[in-house]
Enquirer: 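Quick one: this structure, given as structure tokens, is what I'll be asking you about.
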2 protein chains.
Amino acid sequence: MSLPPLKSLQYFMHAAHLGSFKLAAEQLFVTQAAISQQIRALEAHLGCELFIRETRKVKLTRQGEQLLPHVLGAFSQFEAGIKALKQDPSPNTLNLSVLPSFAACWLLPKIDDFQKKHNDIKLRIDPSDQLVDFEQGEADLGIRFGQGNYQDLHSELLGGDQMLLVYKQGMLEENKPLKAQLFDHQLIMDVCPDAQRAWQLLFDELLIQPAQQPSFLEIDNAALVVQAVLSGQGIGMLRRRLIEPQLVHQQLHVWQGFELMCEYKYYLVGPEHHFSWPKVDAFKSWLQSHFCEFV
Amino acid sequence: MSLPPLKSLQYFMHAAHLGSFKLAAEQLFVTQAAISQQIRALEAHLGCELFIRETRKVKLTRQGEQLLPHVLGAFSQFEAGIKALKQDPSPNTLNLSVLPSFAACWLLPKIDDFQKKHNDIKLRIDPSDQLVDFEQGEADLGIRFGQGNYQDLHSELLGGDQMLLVYKQGMLEENKPLKAQLFDHQLIMDVCPDAQRAWQLLFDELLIQPAQQPSFLEIDNAALVVQAVLSGQGIGMLRRRLIEPQLVHQQLHVWQGFELMCEYKYYLVGPEHHFSWPKVDAFKSWLQSHFCEFV
DNA sequence: CCTATACTTTAGTTTTTCTTAATTATATGT
DNA sequence: ACATATAATTAAGAAAAACTAAAGTATAGG
């Protein structure tokens with residue numbers, strides 16, 4: 001037995017519920033004619049009339065009354081199925097996809113605070129340079145540093161950052177001019193657009209010609225740059241948020257005459273519907289409160 | 001929350017059940033590509049993958065597994081609803097729409113036999129010249145005298161009939177020629193094509209010229225013609241089946257030299273699905289057995 | 001490594017569905 | 001009683017959805 005066109009059943013449901021083709025048409029954003037035709041097609045398919053057409057309204061025939069509950073039930077089952085898909089499959093585990101350097105320098109030092117406040121939520125942190133495939137359930141949420149334009153994903157701005165010239169105690173002398181001191185040290189470049197812009201801006205400010213510019217030790221991971229600067233390997237250009245702990249404990253110093261706002265910002269990223277999950281909301285709030293504290 | 005295209009859910013159901021797009025395509029009489037596209041559209045709409053594509057087969061993801069039972073349930077509810085429509089709303093009452101003359105002359109004299117054999121089935125006989133609207137549930141079944149071509153309805157041939165020249169005892173004398181006697185009596189015409197044809201044929205056989213032909217008492221109801229002939233009002237041209245009881249009891253006589261097969265026949269008529277109802281089947285069998293007995 | 005199989009992709013066609021506009025029917029107000 | 005307004009219907013063309021055909025991709029199995 002072949003089913004009637006499914007759309008006609010949907011229209012039937014609305015029209016029956018509202019007792020009017022006109023209202024059903026409005027609710028479904030189509031014309032009256034579309035409803036009329038679909039209902040007629042359904043009636044033709046079933047071989048019986050479903051509505052008694054009165055002048056201002058329509059009402060169900062015995063057959064219509066009989067059919068309606070089934071159709072209602074079927075559609076609500078579709079909805080239930082789809083709703084179930086959007087629900088959190090593991091509400092007690094939060095899978096985070098975070099950039100390795102941000103994870104190492106910012107998130108891990110603070111994460112015990114989140115664990116303390118939400119000890120019912122197990123955390124799994126997946127450090128990765130690329131955004132994972134959320135559809136596969138590989139992660140619940142991502143923290144990204146970028147421009148906020150993430151295909152098909154919801155994103156919420158967490159905050160910006162600044163590029164700072166960072167060195168270890170004793171490497172630079174604050175009273176002497178920077179330009180001269182710069183050439184005495186290895187310069188360490190984090191390979192990222194903002195770092196490159198920052199170095200270039202610094203050279204411009206110090207009137208260092210392109211030809212004179214010193215070469216860099218390039219490291220493709222900000223966390224390692226932090227390590228390198230910490231261990232006295234040279235001078236780095238780093239984001240403030242990545243060296244917060246070291247600034248607080250005065251393990252690193254910032255050259256006071258220079259700073260540059262990053263073009264990129266931090267975003268919390270994930271499929272729209274993930275943001276209604278309690279565990280995600282908890283993490284988002286925690287994250288936001290920590291982003292406010294800007295050293 | 002908007003539902004996905006319903007057709008894609010249908011395809012999903014088949015593909016999931018068969019574990020193969022190819023087989024689903026065959027089952028649904030479409031190409032593989034159609035299935036692939038619909039599934040893809042569904043996945044896009046839901047924002048998650050439903051199948052893991054392996055080389056020779058596909059299998060459901062966790063989400064697919066979660067969705068399937070709901071979709072299955074919804075579709076079976078549609079089917080249940082539609083099936084319920086085709087069921088007999090009152091299996092203990094048989095509503096018959098019958099031509100008034102056939103009801104009076106043939107059906108009513110025999111109907112007690114049916115009642116006796118099926119005392120669980122209440123009968124309602126609706127004598128009407130026009131076929132009722134079956135869609136409105138006005139009747140379960142109709143008995144018609146015609147050509148069997150009933151729009152959108154199933155019909156089963158019951159049998160034919162003959163037109164006979166009928167008179168009351170003593171009105172005609174079998175030994176004398178008919179032609180002479182005919183002009184001594186009132187002729188009664190049942191207004192129907194077969195009766196008109198029969199009279200015309202009789203006149204032709206008796207070589208009565210159109211100009212000579214006597215005029216008729218026209219009665220637009222065969223049952224009344226029977227009454228008129230019975231009460232000696234004149235000579236009638238009637239269908240054999242309508243005067244069976246009177247022939248058996250010799251209340252009426254048939255002129256032996258004449259008969260004509262009717263062009264019309266008797267049909268049992270109704271919507272296709274009514275014929276699977278037990279009460280209809282019972283009546284059909286009873287009717288057929290009584291149509292075999294042809295006096 | 002080749003072949004056969006099953007899914008995917010794309011472009012173009014077919015089918016279905018929808019809209020517009022004219023039509024019918026009837027309840028409601030004048 | 002008559003005009004008016006509302007709601008459903010119908011028909012024809014327009015738009016959208018679904019499908020096919022054909023070429024592509026990937027991989028299990030000989």
Side-chain angles (χ1 to χ4, degrees), chain A residues 2-46 48-61 63-64 71 75 78 133 135-136 151-152, chain B residues 2-61 63-64 68 71 75 78 133 135-136 151-152:
Chain A
S2 73
L3 283 175
L6 295 171
K7 187 161 287 189
S8 70
L9 288 169
Q10 194 180 18
Y11 285 12
F12 164 74
M13 178 177 67
H14 284 258
H17 182 243
L18 296 169
S20 155
F21 290 5
K22 179 185 194 291
L23 295 180
E26 284 172 10
Q27 200 171 69
L28 293 161
F29 303 105
V30 294
T31 55
Q32 274 184 52
I35 305 287
S36 178
Q37 287 164 17
Q38 287 295 324
I39 300 284
R40 193 153 291 277
L42 178 59
E43 289 176 325
H45 183 101
L46 297 176
C48 68
E49 308 245 312
L50 295 169
F51 288 98
I52 298 161
R53 274 75 166 175
E54 299 181 350
T55 339
R56 291 306 165 88
K57 59 182 197 287
V58 293
K59 66 181 200 193
L60 289 170
T61 58
Q63 284 96 318
V71 174
F75 276 104
F78 280 139
D133 185 354
E135 290 199 4
Q136 300 296 348
Q151 190 79 38
D152 296 331
Chain B
S2 73
L3 284 176
L6 295 171
K7 185 159 289 192
S8 70
L9 289 170
Q10 194 180 16
Y11 285 13
F12 164 74
M13 180 176 66
H14 284 257
H17 182 243
L18 296 170
S20 155
F21 290 4
K22 177 183 195 290
L23 295 180
E26 283 171 12
Q27 198 170 70
L28 293 161
F29 303 105
V30 294
T31 55
Q32 273 186 52
I35 305 287
S36 177
Q37 286 167 154
Q38 286 296 323
I39 299 286
R40 193 153 292 277
L42 178 59
E43 290 176 326
H45 183 101
L46 297 175
C48 65
E49 308 245 313
L50 295 169
F51 287 98
I52 298 160
R53 275 77 166 172
E54 299 181 348
T55 337
R56 291 304 166 88
K57 61 181 196 285
V58 293
K59 64 182 202 190
L60 290 170
T61 59
Q63 284 98 320
L68 181 59
V71 174
F75 276 102
F78 279 138
D133 185 353
E135 291 200 1
Q136 299 296 348
Q151 190 78 41
D152 295 334

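Heavy-atom basis, side chains included; hydrogens, waters and symmetry copies ignored. What you see is a predicted model; the values in this text were computed from it and never measured. Residue numbers start from 1 in every chain, and the chains themselves are labelled A, B, ... in the order their sequence lines are given, proteins ahead of strands.
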Enquirer: For the pair made of CD in Q37(A) and P in dT20(C), what is the distance, rounded to whole Å?
Expert: 13 Å
Enquirer: Counting any heavy atom closer than 4.0 Å, what does Q38(A) reach on the DNA or RNA strands: base, sugar-phosphate only, or nothing?
Expert: sugar-phosphate
Enquirer: Just N and O in the side chain of R40(B): are any of them under 4.0 Å from OP1 or OP2 of dT9(C)?
Expert: yes
Enquirer: Answer whether the closest heavy-atom distance between the side chains of R53(B) and I39(B) falls below 4.5 Å.
Expert: yes
Enquirer: Please report the distance, rounded to the nearest Å, between CD1 in I52(B) and P in dA26(D).
Expert: 19 Å
Enquirer: For the pair made of CD1 in I35(A) and P in dT17(C), what is the distance, rounded to whole Å?
Expert: 13 Å
Enquirer: Quick one: is Q32(A) getting a side-chain N or O under 4.0 Å of the dA7(D) phosphate, OP1 or OP2?
Expert: no
Enquirer: Does a nitrogen or oxygen in the side chain of R53(B) sit under 4.0 Å from OP1 or OP2 of dA6(C)?
Expert: no
Enquirer: Would you kindly give the NZ-to-P distance between K22(A) and dT26(C), to the nearest whole Å?
Expert: 20 Å
Enquirer: Could you tell me how far apart L23(B) (CG) and dC7(C) (C1') are, to the nearest whole angstrom?
Expert: 13 Å
Enquirer: Heavy-atom distance under 4.5 Å between the side chains of T61(A) and F51(A), does that happen here?
Expert: no
Enquirer: Work out which heavy atom in K57(B) is nearest to a heavy atom in G19(B); give both atom names and the distance.
Expert: CB-O, 3.7 Å
Enquirer: Separation of E49(A) atom CD from dA8(D) atom C1', in whole Å?
Expert: 13 Å
Enquirer: I want to verify a distance call: between dA18(D), dT27(D), dC7(C), whose nearest atom is closest to the F21(B) side chain?
Expert: dC7(C)
Enquirer: On DNA chain C, does the nearest nucleotide to A33(A) precede the nearest nucleotide to S8(A) from the 5' side, or the other way round? Give the residue.
Expert: S8(A)
Enquirer: With DNA chain D as reference, determine whether K7(A) or T55(A) sits nearer its 5' end, using the nearest nucleotide of each.
Expert: T55(A)
Enquirer: Nearest heavy atom decides the nucleotide; on that basis, is T31(B) or E54(A) closer to the 5' end of DNA chain D?
Expert: E54(A)
Enquirer: May I have the distance from L6(B) (atom CG) to dT16(C) (atom C1'), rounded to whole angstrom?
Expert: 14 Å
Enquirer: Both S20(B) and V30(A) contact DNA chain C. Which one's nearest nucleotide lies toward the 5' end?
Expert: S20(B)
Enquirer: When the distance from NZ of K57(B) to C1' of dC7(C) is rounded to whole Å, what number comes out?
Expert: 14 Å
Enquirer: Answer yes or no: does a side-chain N or O of Y11(B) lie under 4.0 Å from OP1 or OP2 of dA17(D)?
Expert: no
Enquirer: What's the closest nucleotide to the side chain of A34(A) if the choices are dA6(C), dC18(C), dT10(D)?
Expert: dC18(C)
Enquirer: Examine F21(B) together with Y11(B) and report whether their ring centres are nearer than 6.0 Å.
Expert: no
Enquirer: Any heavy-atom pair between the side chains of L6(B) and Q10(A) that's under 4.5 Å?
Expert: yes
